[in-house]
Amino acid sequence: MRKESFDYKVLELVKKIPEGRVATYGGIAGALDTKAYRAVGQALKRNKNPVRVPCHRVICSDGKIGGYCGKGIKNVRMKYSLLMKEGIEIEQGRVDLKKFIHRF
DNA sequence: TCTTTACTCAAGG
DNA sequence: CCTTGAGTAAAGA
């Protein structure tokens, strides 16, 4: 995978998400002029680059986390923790999208 | 070429 | 609340 690649673009976009904000998979897809919501998640999963790319800031359009690093609930929990740490409020397993969504 | 996928929306139960 | 089904596009085998 190199630059110009779809997933590379996704990563670049995710890196641009400021702290205290989140983005949705759909939003990222829209920013890339595509409707491939799934491909966005795919790119993150394959790369799964928690250092360079803050994957935890990318969530579902419902405010749900969706998934994180493939496995069950542990990773998701960590993701929630990270989000809360950045100032994002979480209610009953959901992020308040209305307040914290970041639009590109 | 076919399958899988961290998605999303709409509809039905 | 849940499950399907359709729509979509990239990576992997």
Side-chain angles (χ1 to χ4, degrees):
Chain A
M1 180 267 287
R2 322 201 154 26
K3 30 186 186 168
E4 302 168 43
S5 186
F6 176 84
D7 49 359
Y8 182 82
K9 289 193 222 165
V10 172
L11 298 182
E12 287 293 292
L13 216 50
V14 172
K15 281 194 286 188
K16 287 176 190 166
I17 302 169
E19 307 200 357
R21 294 279 171 85
V22 294
T24 63
Y25 295 100
I28 293 168
L32 295 175
D33 280 310
T34 181
K35 298 104 191 161
Y37 315 111
R38 304 177 140 179
V40 176
Q42 277 288 9
L44 268 55
K45 179 190 183 183
R46 287 196 323 278
N47 272 287
K48 155 163 135 266
N49 214 327
V51 180
R52 295 184 196 167
V53 181
C55 300
H56 57 269
R57 293 193 196 135
V58 185
I59 58 177
C60 298
S61 61
D62 293 56
K64 288 185 275 204
I65 290 301
Y68 193 57
C69 298
K71 276 194 179 163
I73 191 152
K74 280 190 119 182
N75 301 303
V76 174
R77 205 179 61 207
M78 172 173 68
K79 194 164 172 177
Y80 281 124
S81 298
L82 287 164
L83 291 168
M84 284 190 284
K85 202 175 133 189
E86 297 191 356
I88 294 157
E89 294 170 30
I90 297 179
E91 305 177 16
Q92 320 230 303
R94 297 205 190 170
V95 178
D96 194 334
L97 273 180
K98 299 282 182 195
K99 292 178 187 155
F100 299 108
I101 186 73
H102 173 64
R103 296 171 206 244
F104 297 97

Student: Compare the minimum distances between each of dA6(B), dT8(B), dA10(C) and the side chain of Leu44(A), then state the nucleotide with the smallest one.
Tutor: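 For the Leu44(A) side chain, the nearest candidate turns out to be dA6(B).
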
Student: Any carboxylate oxygen within less than 4.0 angstrom of a Lys/Arg side-chain nitrogen, looking at Arg94(A) and Glu91(A)?
Tutor: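 A salt bridge is absent here (no side-chain N lies under 4.0 Å from a carboxylate O).
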
Student: With a cut-off of less than 4.0 Å, is there a side-chain N or O of Lys35(A) near OP1 or OP2 of dT8(C)?
Tutor: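 For dT8(C), OP1/OP2 do not have a side-chain N/O of Lys35(A) under 4.0 Å.
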
Student: Taking CZ from Arg77(A) and P from dA6(B), how many angstroms apart are they, rounded to a whole number?
Tutor: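 After rounding, the reported distance stands at 20 Å.
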
Student: Using whole Å, what does the distance between atom C1' of nucleotide dC1(C) and atom NZ of Lys64(A) come to?
Tutor: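 Atom NZ in Lys64(A) sits about 10 Å away from atom C1' in dC1(C).
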
Student: Going through the checks in order, is the side chain to side chain contact (heavy atoms under 4.5 Å, CB included) test met by Leu83(A) and His56(A)?
Tutor: CA-CA 7 Å; Leu83(A) 291 168; His56(A) 57 269; 4.3 Å; yes

Student: Ignoring the backbone of Lys45(A), work out which of dG7(C), dA10(C), dA6(B) is nearest its side chain.
Tutor: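 Given the options dG7(C), dA10(C), dA6(B), the side chain of Lys45(A) is closest to dA6(B).
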
Student: Could you tell me whether a side-chain N or O of Tyr80(A) sits under 3.5 Å from a main-chain N or O of Gly93(A), the two making a donor and an acceptor?
Tutor: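 It does hold such a pair.
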
Student: Between dG12(C), dA9(C), dA6(B), which nucleotide has the shortest distance from any of its atoms to the side chain of Cys55(A)?
Tutor: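 It is dA6(B).
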
Student: Between Arg46(A) and Gln42(A), is there a donor-acceptor pair closer than 3.5 Å when you use the side chain of the first and the backbone of the second?
Tutor: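 A pair under 3.5 Å: yes.
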
Student: What integer distance in Å separates Arg46(A):CZ from dT3(B):P?
Tutor: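 It is 19 Å, rounded to the nearest whole Å.
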
Student: Need the pair for dC2(C). Rule: Watson-Crick or G-U wobble, both distances under 3.5 Å, any strand; none if unpaired.
Tutor: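 Check on dC2(C): paired to dG12(B), both distances under 3.5 Å.
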
Student: Could you check how far CD1 of Ile28(A) sits from C1' of dT8(B), rounded to whole Å?
Tutor: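 Distance check: Ile28(A) CD1 to dT8(B) C1' gives 14 Å.
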
Student: Could you please name the option among dC9(B), dA9(C), dT5(B) that lies closest to any side-chain atom of Thr34(A)?
Tutor: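 Taking heavy atoms from C-beta onward, the closest nucleotide is dA9(C).
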
Student: So, does the side chain of Tyr25(A) form a donor-acceptor pair with the base of dA6(B) at under 3.5 Å?
Tutor: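 Side chain to base: pair present.
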
Student: Looking at Ser5(A), I'd like to know whether one of its side-chain N or O atoms comes within less than 4.0 Å of OP1 or OP2 on dA10(C).
Tutor: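 Ser5(A) to dA10(C) OP1/OP2: no side-chain N or O under 4.0 Å.
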
Student: How many Å lie between CD1 on Ile17(A) and P on dA6(B), as a whole number?
Tutor: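 It is 19 Å, rounded to the nearest whole Å.
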
Student: Between dA9(C), dG7(C), dA6(B), which nucleotide has the shortest distance from any of its atoms to the side chain of Ala36(A)?
Tutor: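 The answer is dA9(C), which lies nearest to the side chain.
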
Student: dA9(C) P sits how many Å from Lys9(A) NZ, rounded?
Tutor: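 Spelled out: NZ on Lys9(A) to P on dA9(C) is 13 Å.
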
Student: So, the side chain of Lys99(A) versus the backbone of Ile88(A): is there a donor-acceptor pair under 3.5 Å, distance only?
Tutor: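 A pair under 3.5 Å: no.
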
Student: Nearest-nucleotide wise, let me know which of Lys79(A) and Asp62(A) is further upstream toward the 5' end of DNA chain B.
Tutor: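 This one resolves to Lys79(A).
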
Student: Tell me the interatomic distance from Leu13(A), atom CG, to dA6(B), atom P, rounded to whole angstroms.
Tutor: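 So the CG-P distance, Leu13(A) to dA6(B), works out to 21 Å.
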
Student: Start at the 5' end of DNA chain B and walk down; is the nucleotide closest to Ile59(A) or to Gln42(A) reached first?
Tutor: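 Nearer the 5' end of the strand: Gln42(A).
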
Student: dA10(C) pairs with which nucleotide, Watson-Crick or G-U wobble, both distances below 3.5 Å?
Tutor: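 The answer is dT4(B), by the H-bond criterion.
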
Student: Output the rounded distance in Å from CG (Asp7(A)) to C1' (dA6(B)).
Tutor: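 From Asp7(A) CG to dA6(B) C1': 14 Å.
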
